[in-house]
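Notes for the one structure printed next.
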Number of protein chains: 2
Amino acid sequence: MPDRKRITLKDIAKELGISVSTASRALNSYAGISDETVKMVKEFAEKHNYVPNTMAVNFRKNKTMTIGMVVPELVHYFFSSVISGAIKEAKKHHYSILVSQTDELVKNEIMACRTMLSSSVDGLLISISNETGNTDHLQEFLDEGRPVVQFDKVSDQLSSPKVIVDDFQGAYSAVQHLIEQGYRKIAHINGLQHVKNSQERLRGYSIALGDHEMEGSSAWVVHCQEISEAEGFDFAKQLMTSSNQPDAIFCITDLVAMGAMKYLKQAKISIPKEVGVIGFSNWDMANFVSPGLSSVNQHAYQMGEKAVELLVEAIKNNEVGKDQIFETKTSLVVRESTQRLG
Amino acid sequence: MPDRKRITLKDIAKELGISVSTASRALNSYAGISDETVKMVKEFAEKHNYVPNTMAVNFRKNKTMTIGMVVPELVHYFFSSVISGAIKEAKKHHYSILVSQTDELVKNEIMACRTMLSSSVDGLLISISNETGNTDHLQEFLDEGRPVVQFDKVSDQLSSPKVIVDDFQGAYSAVQHLIEQGYRKIAHINGLQHVKNSQERLRGYSIALGDHEMEGSSAWVVHCQEISEAEGFDFAKQLMTSSNQPDAIFCITDLVAMGAMKYLKQAKISIPKEVGVIGFSNWDMANFVSPGLSSVNQHAYQMGEKAVELLVEAIKNNEVGKDQIFETKTSLVVRESTQRLG
DNA sequence: TTGAAAGCGATACCAT
DNA sequence: ATGGTATCGCTTTCAA
């Protein structure tokens, strides 16, 4: 084994004929050390390629400079973007990010949190799984004084800062856009009824319809279980073959919209002429399908940055962070799938 | 601050009237401790919710049970899949994964590696950036006896296990498939000439043409700089407006293929009837465009698993790992963009 | 089968 | 301005 030994503070002290404490202070630029000594120590350290032993420092300071991040799925445009933003912001504050995923299973989520807790992350970023009800596994962090910041899928049960998408506003503007484009019978493929994001998007949809005195119909609102492409396909079919066909579909997710578009294309229903389709998330994919899929951009990257910012602040202040909600505004990305006019 | 203190070994020892060492040994099921003592200690620990201080353990054992993972880009179907596989396999061996990204900049890569090194990861998984030439920043790990496993984009300069895609075979089978579908004038939009993956795919393309005694033309091979959709579009245009038009295009990447298809559709050139298009990577996106894009699947998830497996093995054996190449086979995914027959 | 004690490397308090 | 030393929590010889 080529285990080239690193030199330690003790080595430096011995070589330079000073004490370990002086060496430590010199390297960390403490007040009350002569410039001469500082210079000498730093030069020696540099020359001998001294690297402090992080494990010892962590141990001593009871900090790891590591943030845990738990997401339902990693192979996902939205979440990988959030992680990407989080990593960037974390780097700015000299934190590293430990990533784990739960596959939307609460059992895995609990395990992941336990691992994070025992690997002594300084704080936790989490987007809970669809299954998650009880949040005891998160409370454990707070009990130990380690802050948690929730993002995207959050639980009100846990008192912590939360970074979420303004789902209401996003849905509202999507539907308003459809109305402006002349669509009059707007359906909505929604998600799981108990998930907050779904509820908010549904609310945005309903209020937008109401505000514009549009026709509504309970038959035009359907709920996915899996939020899958297949469901998008099936529900689009169901809607379009019903007695009261809509002329536009607002989908809970781009993936669902993909499925809906697939059905419409297959049924030779023209998009956007006969039926408009709009999604939510603004996946990279939305650019590549034809017609291009209009969508609601969630600014995932910025959410990641914001979440880390809040977490780091809490860590710095040695508190667990206020129970406060930060809503990030969405923005409409109009592509061909809803451009009926001009 | 609700800093509920964790109990330590010392607390246990004191309460139970035994020594710290005995407590430690009992908890870690050492030989030579009476069953009685073991039972007593374990019960007490359980009851008082004892959790060993990982930082202390790490420090003492000089291990962190953490693996560093550096990728060029995180928001990328291929890389997020590899990471996903890596996390899963790591969990199996009780390792956590620290993720960092370089945006294809060697400067960031060096920084990321330094951070990983100083946060004392037990080993490193890396896919180097396009810019990376010299690998001194990786050699540092080996010099400290910490194994490195390279994957996907690898450098021969560093002696380490490497998990790569069999680009040659993938390209060969893609081109062979085109030939079988009756295409006779096959062009190739390749990547950067100095990148190994590009070279191998080009080689697969050339050899496949040769083996089937197909027409070739230097004008049919072009090189991307960015591997972008725009380049795919432009090169497809260039190829299709040249004097000797190809009837199929093998693209270095699905993204490039997306661009090529966009041009073809815009130019009203029918896919797959007039021109066949095949990509490489098998992005999720390939499913959603129409026509569906045929592609070469790289089995990214398995690559992640394999890389971790090799790394953990090296760590366990306390060696840096052999300089050995593990090629993962690709598989052809045929969709509509190349189905000229049947 | 158990205990005492020596560290691991860095920090910070208390002297001087 | 500097040195000495206790300490963080755990593991691991060495003794008994």
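Chain naming here is simple, since letters A, B, ... match the order of the sequence lines and numbering starts at 1 in each. Any value given below was found using the heavy atoms of this structure, including those in side chains, with hydrogens, waters and symmetry copies removed.
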Candidate pair Lys162(B) and Ser155(B), rule side chain to side chain donor-acceptor pair (under 3.5 Å), full reasoning: CA-CA 9 Å; Lys162(B) 302 173 178 73; Ser155(B) 164; over 6 Å; no
Evaluation steps, side chain to side chain donor-acceptor pair (under 3.5 Å), between Ser129(B) and Glu104(B): CA-CA 4 Å; Ser129(B) 82; Glu104(B) 297 281 7; 4.6 Å; no
Roughly how many Å is it from [atom1] in [X] to [atom2] in [N], rounded to a whole number?
{"X": "Tyr30(A)", "N": "dA10(C)", "atom1": "OH", "atom2": "P", "value": "14 Å"}
{"X": "Lys61(A)", "N": "dC13(C)", "atom1": "NZ", "atom2": "P", "value": "13 Å"}
{"X": "Leu16(A)", "N": "dT2(D)", "atom1": "CG", "atom2": "P", "value": "12 Å"}
{"X": "Asn53(A)", "N": "dG7(C)", "atom1": "CG", "atom2": "P", "value": "17 Å"}
{"X": "Asn28(A)", "N": "dA10(C)", "atom1": "CG", "atom2": "P", "value": "10 Å"}
{"X": "Asn58(B)", "N": "dA10(C)", "atom1": "CG", "atom2": "C1'", "value": "16 Å"}
{"X": "Leu9(B)", "N": "dA4(C)", "atom1": "CG", "atom2": "C1'", "value": "15 Å"}
{"X": "Ile18(B)", "N": "dA4(C)", "atom1": "CD1", "atom2": "P", "value": "11 Å"}

pi-stack flag for Phe59(B) and dC8(C), centroid dist under 5.5 Å, interplanar under 30°: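 Stacking is present between dC8(C) and Phe59(B), given that their ring centres fall under 5.5 Å apart and the planes under 30°.
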Does a side-chain N or O from [X] land closer than 4.0 Å to OP1 or OP2 of [N], or not?
{"X": "Tyr50(B)", "N": "dG9(D)", "result": "no"}
{"X": "Thr37(A)", "N": "dT2(D)", "result": "yes"}
{"X": "Ser34(B)", "N": "dT2(C)", "result": "yes"}

Result of checking Lys92(B), Lys88(B), Lys91(B) against Glu305(B) for salt bridge (Lys or Arg N to Asp or Glu O under 4.0 Å):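 Among Lys92(B), Lys88(B), Lys91(B), the one meeting salt bridge (Lys or Arg N to Asp or Glu O under 4.0 Å) with Glu305(B) is Lys88(B).
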Geometric class of the His76(A)/Phe78(A) ring pair [parallel <30°, tilted 30-60°, perpendicular >60°]: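 Geometry flag for His76(A) against Phe78(A): perpendicular rings.
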Quick check on [X]: does its [atom1] atom have over 12 non-hydrogen neighbours (other residues, nucleotides or ligands) under 6.0 Å away?
{"X": "His94(A)", "atom1": "NE2", "answer": "no"}
{"X": "Lys316(B)", "atom1": "NZ", "answer": "yes"}
{"X": "Lys63(A)", "atom1": "NZ", "answer": "yes"}

Touch class at under 4.0 angstrom, heavy-atom based, for Ser21(A) against every strand present: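 Base, at least one base heavy atom under 4.0 Å.
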Sugar-phosphate only, base, or nothing, as touched by Asn62(A) at under 4.0 Å among non-hydrogen atoms: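 It contacts nothing in the nucleic acid.
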Mark yes or no for a side-chain to base donor-acceptor pair under 3.5 Å between [X] and [N], with no hydrogen or angle criteria applied.
{"X": "Arg25(B)", "N": "dT1(C)", "value": "no"}
{"X": "Ser19(A)", "N": "dG4(D)", "value": "no"}
{"X": "Arg6(A)", "N": "dG9(C)", "value": "no"}

Side chain to side chain donor-acceptor pair (under 3.5 Å) evaluation trace for Asn58(A) with Thr64(A): CA-CA 5 Å; Asn58(A) 287 345; Thr64(A) 55; 5.8 Å; no
Inter-end axis angle, the helix from dT1(C)-dA16(D) to dT16(C)-dA1(D), with every axis fitted to five base pairs (rounded, 10 degrees):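 If I round to tens, the end axes sit 40° apart.
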First encountered from the 5' end of DNA chain C, between Thr8(A) and Ile33(B):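 Looking at DNA chain C, the more 5' nearest nucleotide goes with Ile33(B).
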Nucleotide nearest Arg60(A) when distance is taken to its side chain, options dC10(D), dA12(C), dG3(C):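 Closest nucleotide to the Arg60(A) side chain: dA12(C).
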